Colleague: 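Below is a structure I'd like to ask you about.
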2 protein chains.
Amino acid sequence: MGRPKSFEPDVVIAQAMEAFWTKGYTDTSPADLAEATGVAKGSLYHSFGSKRQLFGKTLDLYSRMQAERAEEFLARPGTAKERIRAYFMLLVDADLDGPVRRGCLAQNTLGELGGRDAEATRAAHRLEEGMIEFFAARIRQGQRDGDVGQDVDAQAQALLLQSTLAGLRVMAKTFDRPTLHRIADTAVAGL
Amino acid sequence: MGRPKSFEPDVVIAQAMEAFWTKGYTDTSPADLAEATGVAKGSLYHSFGSKRQLFGKTLDLYSRMQAERAEEFLARPGTAKERIRAYFMLLVDADLDGPVRRGCLAQNTLGELGGRDAEATRAAHRLEEGMIEFFAARIRQGQRDGDVGQDVDAQAQALLLQSTLAGLRVMAKTFDRPTLHRIADTAVAGL
DNA sequence: CTGATTCTTGACCCCTAGTTCAAGAACGTG
DNA sequence: CACGTTCTTGAACTAGGGGTCAAGAATCAG
């Protein structure tokens, strides 16, 4: 019983995520969130407790979205090299095609709050570890399929790929598309 | 004539840099800067104009310091692979040995202000381009010395190295030392 | 020693961020 | 249809952020 919510919490979290992603945690004010979600400030506080808690929800949503997309995209038909390369391109292009180059929310969060917000730091770390596991699994898959050499250390290559991808998304804030594509090409050349 | 400055501007900029580096641009208040530098707020504004302008100076100083260190370190005796690997390790270890993992000021700035502050974005970009040039030059040097194969595309490898290094410094906020060292090892293995 | 000049400083100001709250609105129940 | 419950909302509050300023302290020139 009681008055029903006038909004879908998940939708509001997604809208808040866009705001945080675009402006960063600190520079996104409660007023910004109210505008981005169409829900009044007071109501947001009633539902989510605080700006920080809402941000936590957006980080969780972001992590789930990223993980889901990576898993799905890497699983499509093709060699490990092809799929990983395509995934890198996807992220780079998505970044460059948007009105603002927002990079990766998790990485931005590490840059902004890393060290000073333990929970946000852990959330970002978990996402990175998940990505590494996806890459490693896809490389091993490639080894079973025969498109990746048996001598390749899947775990070491997965770590390197994640590192390169993280850097690529930093560089995607300032470099042009051909350069970024070239890096993606070189990154997977060793597989 | 006139009353002389009671502080060395360069020293104050260096101290402000430490503050910005540790807490980020937005989270560093004028009060923080006054404490970090030992100079009263009013005096900082008198000398530097605004928080943003002081930050600009710290970015410049940071870029110069980074470039200088990279150039010097890469030039020491050894093969290209050895020197680049040592440089990666140096940065990783410096980050992990500090009381807080601050990563790279330029990258943090891109994460925090990227896109929304044109000048800061450009400054960070210039530093990255400089790094790429250093790597490329060192690889070509290796080719002349005979420790890097003639078939290696120096520019492409330099781009990849910078991307990997940027990612490494993001990951240095949450991963442990052995993992980061392993990535550095794998990164230079292809040279 | 006087003055013009350039520094130093804390007090002060305005504005916004983050949060709380009192009033009211939309339910389900009995 | 009254009643408890859970929502909605703008107004109101507090703290602190970024910046300004008036007063005074060093300096040098004449």
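The sequence lines fix the lettering, A, B, ..., with proteins before strands; numbering per chain opens at 1. Quantities reported herein were computed from a predicted structural model and do not represent experimental measurements.
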Colleague: Could you give the CG-to-P distance, from L54(A) to dA17(C), as a whole number of Å?
Modeller: 16 Å
Colleague: When we call it a touch if two heavy atoms are under 4.0 Å apart, what does P30(A) touch: a base, just sugar-phosphate, or nothing?
Modeller: base
Colleague: Looking at dC7(C), dA17(C), dT8(D), which one has an atom nearest to any side-chain atom of K5(B)?
Modeller: dC7(C)
Colleague: Counting any heavy atom closer than 4.0 Å, what does S29(B) reach on the DNA or RNA strands: base, sugar-phosphate only, or nothing?
Modeller: sugar-phosphate
Colleague: Aromatic ring centroids of F88(A) and H181(A) under 6.0 Å?
Modeller: no
Colleague: Verify the contact: side-chain N or O of S6(B) to OP1 or OP2 of dT8(C), cut-off strictly under 4.0 Å; return yes or no.
Modeller: yes
Colleague: Determine, for R102(B) against D95(B), whether the closest basic-nitrogen to carboxylate-oxygen distance falls under 4.0 angstrom.
Modeller: no
Colleague: Let's see if you can work this out: which of dT27(D), dT19(C), dC7(C) has an atom nearest to the side-chain heavy atoms of H46(B)?
Modeller: dC7(C)
Colleague: Starting at CZ of R3(B) and ending at P of dC28(D), how long is that distance when rounded to a whole Å?
Modeller: 13 Å
Colleague: Mapping S50(B) and G38(A) to their closest nucleotides on DNA chain D, which lands nearer the 5' end?
Modeller: G38(A)
Colleague: State plainly whether the residues E72(B) and R76(B) are in salt-bridge range, i.e. N to O under 4.0 Å.
Modeller: yes
Colleague: Rounded to whole angstroms, how far apart are CG on L44(B) and P on dC21(D)?
Modeller: 17 Å
Colleague: Side chain of K51(A): nearest nucleotide among dT9(C), dT8(D), dG18(C)?
Modeller: dG18(C)
Colleague: Is the closest basic N to carboxylate O distance between D147(B) and R83(B) below 4.0 Å?
Modeller: no
Colleague: How many whole angstroms separate atom NZ of K41(A) from atom P of dC21(C)?
Modeller: 15 Å
Colleague: Rounded to whole angstrom units, what separation is found between the CD atom of E35(B) and the P atom of dT9(C)?
Modeller: 15 Å
Colleague: To the nearest Å, give me how far apart CG (D32(B)) and C1' (dG17(D)) are.
Modeller: 10 Å
Colleague: Taking the side chain of Y45(B) as heavy atoms from C-beta outward, which of dT20(D), dC7(C), dG10(C) is closest to it?
Modeller: dT20(D)
Colleague: Report yes or no: do D32(B) and S29(B) form a side-chain donor-acceptor pair below 3.5 Å?
Modeller: yes
Colleague: To the nearest Å, how far apart are F55(B) CZ and dG17(D) C1'?
Modeller: 17 Å
Colleague: Specify the separation, in whole Å, of atom CZ of F7(A) and atom C1' of dA26(C).
Modeller: 15 Å
Colleague: From the set dT8(D), dT19(C), dA11(C), return the single nucleotide nearest to any side-chain atom of S43(A).
Modeller: dT8(D)
Colleague: Is F48(A) touching bases, backbone alone, or none of the nucleic acid, heavy atoms closer than 4.0 Å?
Modeller: nothing
